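A short write-up of the structure that comes next.
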Amino acid sequence: MSRASSGIANTDVVVLAYSGGLDTSVAVRWLIEEMSVDVVAVAVDVGQGGDWDALRARALAAGAASCVVIDAKDEMASDYAFTALKANALYEGKYPLVSALSRPVISKHLVAQAREHGAGAVAHGCTGKGNDQVRFEVSVRALAPDLGIIAPVRVWGMTREQSLEYARQHDIPLAPKKAAGGDLYSIDQNLWGRAIECGVLEDPWQAPPQDVYELTVPMVTEPREVVISFEKGLPVAIDAKELPPRELIEEVSRIVGSYGWGRLDMVENRRVGIKSREVYECPGSLALIMAHSDLEDLTLERDLAHEKARLEPRWAELVYDGLWFSPLKEALDSFMASSQRHVSGDVRLMCEPGRCYVVGRRSPEALYDWELATYDAADSFRHSDAEGFVRLWGLGVETWAARQVRPARDEG
Ligand code: ARG
């Protein structure tokens, strides 16, 4: 592909979202060879773990002019994961949007780096079949419509074997195979969880092999309780110990994951029209969403709770579809934020091997009123109010029903 046909004829510098893996390492060299540009490799740390020095060395060995590593873990936790938590965001009712949440963070930093280095375009290593290309490109276009976007992997159409061969020919060093999964799976991980795709998982009938799991390996058998404290919808402490957002997410993930809980195995609808079998490990995000929505049951007024429940799937769908930076998502954020004013209190989670569930909740702002709810002598509910209320509530149905059994006389 020529520079002109990519629509970025005026650039000498391209900022590439760099993961350190095979595809983005090959992309570094491919951009240099095919488009005659300087490549700035940008790796954004959203909690995926890894050896950043080795990654930097690999980017430079592949030919990058420079490599920038950005620590965005706190930002990922406070601005992205916690925003999703307020919306109890689960795509298709199950998936807590792990990858979908990190793409806008990464895009934001790509754009900032593009400005810093005077780049005319950003590039990413996504294929044409996934959601991540959609999220990167829509986010970048929302933030910087003037920048070009290049997707080398989508252009070159190399198989994995061909990419490996290209790497060998160009002396591009590759990362040592990861202990778990090796080369078999495509993995994307951040603070909110871990997504595992490819290999045997592509057959939806095949049970996931145990070696796909890293965050939810059962290690503890002794049951334990964890108390999560929330303030205005956000978790602030575990067992009364205050923790900043990132540490709190990591700690909940670690505790709950050690009971082997937090796995998902699902067939999901991608934005690009493909159904895919996905395996996820989301111990922290799923536990926090469970605790948070339980506390909402105690503190949200009924109409607000019901309307919020209707909007939550929409929020999740927008973010899944790459519309983090969009007017509807922004407006829904305001709604979600406003709904959280009274969502403060504690939730007790019970952890047992393979299980995690809520066993109690309390809040200074609870709408639960014991004197109204109780059936014992302290009852303050005015029972006589119920009689007239129920009669009026059912009046319409009663009138309709009577009409069914006794047809009007002048009929027929
Ligand atoms: N299907 C999930 C999503 O669209 C996970 C994507 C994982 N990405 C990856 N490159 N393995 O959010």
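Each ligand, and each atom within it, is numbered from 1 in the order the structure gives. Because the structure is a prediction, the values reported are computed rather than measured.
Among protein heavy atoms, atom 9 (C) of ligand 1 sits closest to Glu197 OE1, 3.6 Å. Asp132 OD2, 3.1 Å is the protein heavy atom nearest to atom 8 (N) of ligand 1. From the protein, the heavy atom lying nearest to atom 2 (C) of ligand 1 is Tyr280 OH, 3.0 Å. At the shortest separation from atom 1 (N) of ligand 1 among protein heavy atoms lies Glu268 OE2, 2.7 Å. The shortest contact between atom 7 (C) of ligand 1 and any protein heavy atom is with Ser99 OG, 3.4 Å.
For ligand 1, the polar-atom distance check finds no N/O of Ser276 at less than 3.5 Å from any of the ligand's N/O atoms. Inclusion of Arg270 in the set of residues having an N or O under 3.5 Å from an N or O of ligand 1 is not warranted.
The cationic atom of Arg224 (NZ for Lys, CZ for Arg) does not lie both less than 6.0 Å from the six-membered ring centre of Tyr259 and within 45° of the ring axis.
For Arg115, the CZ atom sits in a packed shell: over 12 heavy atoms of surrounding residues, nucleotides or ligands are nearer than 6.0 Å.
Using a 4.0 Å cut-off between charged side-chain N and carboxylate O, Glu75 and Lys108 make a salt bridge. Contact check on Lys86 versus Glu296 returns no salt bridge, with no Lys/Arg side-chain nitrogen under 4.0 Å from an Asp/Glu carboxylate oxygen. A salt bridge between Asp132 and Arg270 is absent, with no side-chain N of the basic residue lying under 4.0 Å from a carboxylate O of the acidic one.
Between the choices Ser186, Ser102, Cys126, the shortest heavy-atom distance to atom 11 (N) of ligand 1 belongs to Ser186. Counting only non-hydrogen atoms, the option in Ile196, Val279, Asn131, Ile274 that gets closest to atom 4 (O) of ligand 1 is Asn131.
Proximity of a side-chain donor or acceptor of Arg58 to a complementary backbone N or O of Gly20 within less than 3.5 Å is detected. In terms of modelled atom types and a separation under 3.5 Å, the side chain of Thr159 and the main chain of Gln162 share a donor-acceptor contact.
By the criterion of a heavy-atom distance under 4.0 Å, neither the backbone nor the side chain of Tyr185 is placed next to ligand 1. If you look at Arg271 next to ligand 1, there are no close heavy atoms at all, none under 4.0 Å.
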